[in-house]
Number of protein chains: 2
Amino acid sequence: MPATAALKHDAYRPTSARSVGAPHLRPVTFHAPETVIYAQGDDARYLYRIQYGAVRVFRLLADGRRQIVAFYLTGETFGFEIGALHGFYAEAMVNTGLTTTERCSAGTLTHELVEIALKAMIRAQEHLLVVGRQSALEKMAVFLLDLAKRQECEAVIDLPMSRADIGDYLGLTIETVSRTISKLRAAGIIRLHSARSFEIVKPDRLRMMSV
Amino acid sequence: MPATAALKHDAYRPTSARSVGAPHLRPVTFHAPETVIYAQGDDARYLYRIQYGAVRVFRLLADGRRQIVAFYLTGETFGFEIGALHGFYAEAMVNTGLTTTERCSAGTLTHELVEIALKAMIRAQEHLLVVGRQSALEKMAVFLLDLAKRQECEAVIDLPMSRADIGDYLGLTIETVSRTISKLRAAGIIRLHSARSFEIVKPDRLRMMSV
DNA sequence: CGGTGTCTTGAGTCAGTTCAAATATTGTGG
DNA sequence: CCACAATATTTGAACTGACTCAAGACACCG
């Protein structure tokens, strides 16, 4: 039963949002690394679009276990909730700029909102497939390929998240994450520039592992 | 790595839908147990509301591993998709009656649709928490409590699904599901009327285990 | 440079899996 | 209604992939 302590994080630090929007554009709020964007129980008033940076959305169990339900990258939108309150936490993982839109504003938005909500649902269900039924190696393969696809460059991956984040996303411990990455490196499938920057050398080998 | 063979199922049997609607009411289609309602790749034209019965929605991996992403019971609605095609399979688990609505019809439907879609998303994300981070015992506790809450009667649970279904939903093998149920029974927390019908004797004990 | 946090690696353990077999349970034809 | 076949569930024993605990390597920052 994995359990990466997340409580030591900054879940209780005040949000360090600072508006730096250009005068006539929708203002961009800035969020420093490891700071809260919204917390479980907060009013769910806005949708957030990432201009630059990366965000994790997660939930905590009473004993500190954490499940990250999604990572969001530049250009993506998050912040859906069913009620008036957030059921999850959202934190910036690196320097992040966000623009907000009122959740319940113009009716024209509704159609787009449904699309985005459905996309989030599908992604959660696909994630379920990975977390519930795959080995550590398969999980990492899926994760890396997904990340590569969502970033501009398909070959070089910059990880905005720590090993602990990856573990809490895939349902693994940090040690297993690290060991799995080492195995992929030893097999010549990926090359590490640093702990947070990879190059996918043999994407086909990854793809073979991922289904 | 669990792998309940699902291919032997009826995924390739033709759908046995038969309309038996009363003349002036929305027609109800009937689906026999273990029959396909829609398959991965089918046109996603309708939303389905369950009048009676129970449905599983799942996805298959190439090697036959199956992940059930959701069970739907009487009164619930399923069939959301992001594109024009279904990304998942839906099968009736018992005798099931469904009413359909066009997915993209009347604008008045939209608000309700958003609500249902968001609920499905939240449920998928909560399920992620269970599958990714909980022990077998915790998973079963959450599962049973959820099922009890969604059925009329809170104390007696009629399982419309097999052990294999439960396993593929929770990310466990049928053996582990069975053993876990045996443990709950031995602890006097549940009583079995039959393999598919329980009584929750000590719901508090279950609740204690479920977080 | 020392200090602090992150990442990697090693060794032993355990929860859940696999394989195998016994026991219900359900359905079917006579 | 019963006997038999087929299916579903339970239980046992051994195995293993991922976890836990512990220590070492690395990187970043003042």
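We name chains A, B, ... by the order of the sequence lines, and we start the count at 1 in each one.
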Practice task
Kindly say whether, by distance alone, the side chain of A:Arg179 makes a donor-acceptor pair under 3.5 Å with the base of D:dG17?
Solution key: no
Problem - Donor/acceptor link under 3.5 angstrom from B:Arg163 side chain onto base of D:dT7 - result: no
Within the distance-only criterion (no hydrogens, no angle test), does the side chain of [X] pair as donor or acceptor with the backbone N or O of [Y] below 3.5 angstrom?
X: A:Thr77; Y: A:Arg49; answer: no
X: A:Arg185; Y: A:Leu192; answer: no
X: B:Asp63; Y: B:Arg65; answer: yes

Exercise for the section: Evaluate the ring planes of B:Tyr169 and B:Phe71, with Trp represented by its six-membered ring, and classify them as parallel (under 30°), tilted (30 to 60°) or perpendicular (over 60°). Expected result: tilted
Euclidean distance, atom [atom1] of residue [X] to atom [atom2] of [N] [Å, nearest integer]:
X: B:Leu184; N: D:dT10; atom1: CG; atom2: C1'; result: 15 Å
X: B:Ile174; N: C:dG16; atom1: CD1; atom2: P; result: 16 Å
X: B:Met140; N: D:dT10; atom1: CE; atom2: C1'; result: 14 Å
X: A:Ile181; N: C:dT9; atom1: CD1; atom2: C1'; result: 14 Å
X: B:Arg133; N: C:dG16; atom1: CZ; atom2: P; result: 14 Å
X: A:Lys139; N: D:dA18; atom1: NZ; atom2: C1'; result: 9 Å
X: B:Gln134; N: C:dG16; atom1: CD; atom2: C1'; result: 16 Å
X: B:Met209; N: C:dA15; atom1: CE; atom2: C1'; result: 15 Å

Practice task
Within residues 189-203 of chain B, find the residues that approach DNA chain D with a heavy atom at under 4.0 Å, and present them sorted by residue number.
Solution key: B:Leu192, B:Ala195, B:Arg196
Of all the nucleotides listed ([options]), which has the minimum atom distance to the side chain of [X]?
X: A:Ser135; options: D:dA18, D:dT11, D:dC21; result: D:dA18
X: B:Leu172; options: D:dC21, C:dT17, D:dT9; result: C:dT17
X: B:Ala136; options: C:dG16, C:dC7, D:dC21; result: C:dG16

Counting only side-chain nitrogens and oxygens, does [X] get under 4.0 Å of the OP1 or OP2 atom of [N]?
X: A:Arg185; N: C:dT9; answer: yes
X: A:Thr173; N: D:dC19; answer: yes
X: B:Ser182; N: D:dT11; answer: yes

Exercise for the section: Answer with yes or no whether the side chains of B:Ser194 and B:Ser197 bring together a donor and an acceptor at under 3.5 Å. Expected result: no
Practice task
Dump the intermediate steps for ring-ring contact (aromatic ring centres under 6.0 Å, His included) on A:Tyr46 and A:Tyr38, then the final yes or no.
Solution key: CA-CA 10 Å; A:Tyr46 305 113; A:Tyr38 57 75; over 10 Å; no
Exercise for the section: Using a 4.0 Å heavy-atom cut-off across all strands, classify B:Thr176 as base, sugar-phosphate, or nothing. Expected result: base
Handout entry: Result of checking B:Leu73, B:Val55, B:Asn95, B:Thr74 against B:Pro160 for side chain to side chain contact (heavy atoms under 4.5 Å, CB included)
Key = B:Leu73
